[in-house]
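First comes the structure, then the notes that go with it.
Every value quoted in this text rests on a predicted model; they were computed, and no experiment measured them. Chain letters run A, B, ... following the sequence lines, proteins first, then strands; residues in each count from 1.
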2 protein chains.
Amino acid sequence: MKPTIYDVAEKAGVSIATVSKVINNTGKISDKTKQKVLKIMEEINYQPSVVASALTGKQTNTIGFLIPDIANPFHAEMARSVEDRGHELGFSVVMCNTDGNLDKEAQYLEWLQRKRVDGIILGSAAQNNAIIKELIKQEIPAALIATDMPSLSVNAVLVDDFLGGYQAISHLTSLGHTDIAFLAGNLNNVMEKERLRGYKQALQEAGAAFDRKNLLTNNFSFDDAKRSMKKLIESGRRPTAVFAFNDLLAIGAIHGAKEAGLKIPDDLSVIGFDNTLLAAVNDPPLTTIAQPIQDMGRTVTDLLVKEIKGGNTVKQRVVLLPELVVRQTTIPPKI
Amino acid sequence: MKPTIYDVAEKAGVSIATVSKVINNTGKISDKTKQKVLKIMEEINYQPSVVASALTGKQTNTIGFLIPDIANPFHAEMARSVEDRGHELGFSVVMCNTDGNLDKEAQYLEWLQRKRVDGIILGSAAQNNAIIKELIKQEIPAALIATDMPSLSVNAVLVDDFLGGYQAISHLTSLGHTDIAFLAGNLNNVMEKERLRGYKQALQEAGAAFDRKNLLTNNFSFDDAKRSMKKLIESGRRPTAVFAFNDLLAIGAIHGAKEAGLKIPDDLSVIGFDNTLLAAVNDPPLTTIAQPIQDMGRTVTDLLVKEIKGGNTVKQRVVLLPELVVRQTTIPPKI
DNA sequence: GTGAAAGCGCTAACAG
DNA sequence: CTGTTAGCGCTTTCAC
C-alpha cells in the first residue's frame with residue numbers, strides 16, 4: 001500500500017496534524033520535529049495525495065485545455081507552451097480535443113468540472129458563448145485564447161487580426177500587387193472577418209479596388225485549399241498574389257497553383273498566417289504573418305493561474321501583435 | 001455551492017446511499033425512486049465529484065501521457081489518437097512534455113501518481129528503464145509506445161523498425177540506387193539501430209556494399225539535417241539517395257541538397273519516415289515509410305485501459321508494420 | 001509547538 | 001429495496 005500521512009505520523013512519533021503542517025509549511029513547528037518528519041517522508045517515499053487534499057477544499061493544480069485539434073501544428077505549438085508554462089507554475093494540463101464540436105465541448109466541460117480542475121483554457125468556443133457564460137456563473141476560472149468574445153468578462157489573449165491582415169496586404173501592395181486573392185475559411189468567425197477588414201483597408205490605402213471574386217472560401221483543409229486555388233486559376237482569373245488564412249492553406253494554394261502550371265513565387269506570390277513549422281519547412285520558405293504562439297500560450301496560462309490563485313482580480317484582454325516574416329514566396333509581380 | 005450527494009438525497013427524500021446506487025447503477029432500487037432521484041439530479045444539475053469517489057478507492061478515469069514534445073507532428077498525431085480513444089473509453093488524458101529529459105520524466109511520474117492517475121503511457125523512456133521498473137513495482141498500469149524495452153514485462157506497441165528500414169532501402173535499390181546515405185539522429189536508441197540493420201540488410205541483398213561514410217548523424221533538428229546534407233554534398237561525396245530518420249529530417253536534407261545545387265528528385269532521391277503531415281505537404285510530396293500513428297495511439301490506449309480495468313491480464317507487445325508510401329521524391333538514379 | 005477531532009463528498013458493507 | 005455507518009487521506013480550527 002502507498003504510505004499515507006498516518007504512516008508518516010506514526011513513524012515520526014507525531015500527529016498527522018503536525019505532518020500536514022510540515023507538508024504545507026503552515027503553522028509553527030520546531031525545526032527539530034520538522035526535520036524528523038521530513039526525514040521519514042523521504043525514507044518511506046511518501047507522496048501526499050492530491051485527491052485527498054483536493055477533497056478538503058484545496059486545489060487540484062490541474063487545468064483543462066480545450067482545443068479544436070492538437071494534431072494541427074498551430075494548436076500543438078500552443079499546447080506545448082501552455083503545458084510548459086503550466087508545469088512551471090505547478091499545474092498539469094489535461095487536453096481535450098473538441099473538433100470545434102459544441103456537444104463535445106459541453107461534455108468535456110462537465111467532465112473537467114467533475115474532476116475539479118482549477119481552471120479552464122478555451123482554445124475553441126467560437127460559436128457558442130452560452131457555454132462560457134455557464135462557466136462564469138459557476139465561478140470557474142476561465143481564459144480564452146485566440147477567440148474573441150467581446151461581450152463577455154473573461155480573461156483572454158488574442159492577436160490583432162485586423163493588423164495581421166493589414167500587414168500581409170500592405171507587404172503585398174508595397175511589392176506592387178493589387179490583384180490579391182484572400183483564401184479564407186468559412187468567414188464565419190471574428191478572426192477571419194477582422195483579417196478581411198485589414199485586407200480591405202490595406203487595399204484601399206494602396207488605391208486598389210476590392211474585388212469580391214478574390215474572396216475564396218473553403219473548409220480549412222489542405223486539399224480543399226489546393227483545389228480551390230487550382231480551380232480559380234484554371235477558370236482564367238489570375239491574381240498576382242494570395243493571402244491565405246493559415247500556413248497550411250497557403251501551402252495548399254501553392255500546390256494548387258503549381259498544378260495549374262504556375263511558378264511560385266514568379267507567377268504568384270503567396271503569404272500565409274501563423275508562422276508554424278510548416279512555413280519554415282516549405283520550399284520555397286513561406287512568407288507569413290507570425291502569431292506569437294509561445295507568448296500567447298504563456299500569457300493565457302499566466303492569466304488563468306492568476307485568476308485561480310488571486311480570486312477576484314481584474315479581468316484583462318491581452319492583444320498581442322502579429323509580425324510580418326518575409327521569406328521567399330513573395331516578390332514583386334512580373335508584368 | 002456545488003450540489004453534493006446530500007442535496008440530492010434530501011430533495012429526493014431518500015438516503016445518500018440510495019443516491020449513490022442510482023449514480024453507479026449498483027444494488028437494487030425501485031424504478032420509481034430511481035426516476036425520482038434522476039429527476040432531482042437533473043433539476044439541481046448535480047455532478048458527482050470524481051475527487052471524492054477517487055478517495056474511496058475508485059478510479060480517477062485519468063491517464064497520464066508522457067511525450068517528448070507535443071509540438072512535433074509525429075507526437076501530436078499520436079497524442080490526438082490517444083486522446084480520442086481515451087475519451088471514447090471514458091478517460092481524460094493529461095499530457096506531459098518531457099523533452100526526453102530524465103529529470104522531467106521522473107518529476108512528472110511522481111506528480112501523476114500523486115494525482116492518482118489510473119495509468120500511464122510512456123512515449124519517451126528510451127534511456128532509463130529504472131523509471132519503468134519503479135512504475136511496475138508500484139503496480140501502476142503502464143504502456144509503452146514506440147519505445148522498446150525488451151527486458152521488461154510491460155504492455156507496448158511498436159512498429160517494426162527493422163522492416164521499415166528494409167522497406168525504405170529496398171524501394172531505393174529496386175529503383176537502382178546503391179549509394180544511399182542514412183541520415184540518422186544520434187544512433188543511440190533501438191529504433192535507429194533497427195532501421196540501420198534494415199538498411200544494411202537491404203543493401204546487402206541488393207549486392208551493394210555498406211559505406212560507413214554514408215552514415216550521417218545529427219541532433220534531430222531540421223536545421224542540422226539541412227546543414228549536414230549540404231556539407232556532405234559540398235564535400236564531394238554524392239550519394240544518389242538519402243534515407244532520413246523522419247520526415248522532418250528528410251525535408252531538411254532536401255533543403256540542404258537544394259542549397260548545394262541539387263535538384264530533387266532528379267539528382268537525389270529522398271525517403272523519409274513517419275508519414276506525417278509534413279510529408280504530404282512537402283513539394284514535391286515526400287516518399288516515406290508510414291507509421292500507423294493512429295493505430296499505435298489507439299492500440300496503446302486500449303492496452304492500458306484493459307490493464308487498468310482487468311487487473312492481471314497478460315501483458316503483450318504489439319508490433320505494427322510500417323508501410324511504404326511512394327510519392328514523388330524517389331526516382332531511378334540518373335546515370 | 002503540538003494534537004484531537006470534525007469534516008470534505010462519496011462508496012461499500014451491513015442491517016433492516 | 002432502502003438506510004446507517006464507517007472510512008478514504010488530508011486540512012483546519014481549537015484546545016492544551
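No engagement by A/Val19 is indicated, since no non-hydrogen atom pair under 4.0 Å with the nucleic acid exists. A/Thr26 comes within 4.0 angstrom of nothing in the nucleic acid, heavy atoms only.
Both B/Leu55 and A/Lys21 lie near DNA chain C, and the one whose nearest nucleotide falls closer to the 5' end is A/Lys21. Where A/Val51 and B/Lys28 meet DNA chain D, the nucleotide closest to each residue was compared, and B/Lys28 sits on the side nearer the 5' end. Comparing B/Gly57 and B/Ile29 against DNA chain D, the residue whose closest nucleotide sits nearer the 5' end is B/Ile29.
Set against C/dA12, C/dG9, C/dA4, the side chain of B/Lys58 has C/dA12 as its closest nucleotide. Taking the side chain of B/Tyr46 as heavy atoms from C-beta on, and the options C/dC10, C/dT2, D/dG9, the nearest nucleotide is C/dC10. Closest to the side chain of A/Pro48, out of D/dC10, C/dC10, D/dC1, is D/dC10. The side chain of B/Val14 approaches D/dG3 more closely than any other nucleotide in the set D/dC1, D/dG7, D/dG3. When each of C/dT2, C/dT11, D/dT11 is scored by its nearest atom to the side-chain atoms of A/Ile5, the top-ranked nucleotide is D/dT11. Candidate nucleotides C/dG9, C/dA4, D/dC1 were compared by shortest atom distance to the side chain of A/Ala17, and C/dA4 ranks first.
A/Ile16 places its CD1 atom 12 Å from the C1' atom of D/dC8, with the value rounded to the nearest Å. Per the geometry, CG belonging to A/Asn24 stands 13 Å off C1' belonging to D/dG9, to the nearest Å. What separates CG of A/Asn25 from P of C/dG1 is a distance of 14 Å, to the nearest Å. Remark: C1' of D/dC8 and CZ of B/Arg114 are 17 Å apart, rounded to the nearest angstrom. The separation between A/Asp31 atom CG and C/dG1 atom P is 10 Å, rounded to whole Å. Spacing between atom NZ of A/Lys36 and atom P of C/dT2 amounts to 8 Å, rounded to whole angstrom units. Per the geometry, CD belonging to A/Glu10 stands 16 Å off C1' belonging to C/dG3, to the nearest Å. For the pair A/Tyr6 OH and D/dC8 C1', the interatomic distance rounds to 9 Å; values are reported in whole Å.
Under the 3.5 Å distance criterion, with hydrogens and angles disregarded, no donor-acceptor pair is assigned to the side chains of B/Ser53 and B/Thr56. Side-chain contact check for A/Asn155 and A/Glu307: at least one donor-acceptor pair (N or O, by modelled atom type) lies under 3.5 Å. Side-chain contact check for B/Glu77 and B/Gln294: no donor-acceptor pair (N or O, by modelled atom type) lies under 3.5 Å.
Counting heavy-atom neighbours within 6.0 Å of A/Lys2 NZ, excluding the residue itself, gives a total above 12.
Within the structure, a side-chain polar atom (N or O) of B/Thr18 is placed less than 4.0 Å from OP1 or OP2 of D/dG3. Side-chain nitrogen and oxygen atoms of B/Ser49 include none within less than 4.0 Å of the OP1 or OP2 phosphate oxygen of C/dG9. The phosphate of C/dT2 (OP1 or OP2) has a side-chain N or O of A/Thr33 nearer than 4.0 angstrom. Look at B/Ser53 and you won't find any side-chain N or O under 4.0 angstrom from OP1 or OP2 of C/dG9. An OP1 or OP2 oxygen of D/dT11 is reached within less than 4.0 angstrom by a side-chain nitrogen or oxygen of A/Ser20.
The CG atom of A/Leu109 sits 8.5 Å away from the SG atom of A/Cys96 when rounded to the nearest 0.5 Å.
Between A/Val154 and A/Lys315 the shortest side-chain heavy-atom distance does not fall below 4.5 Å.
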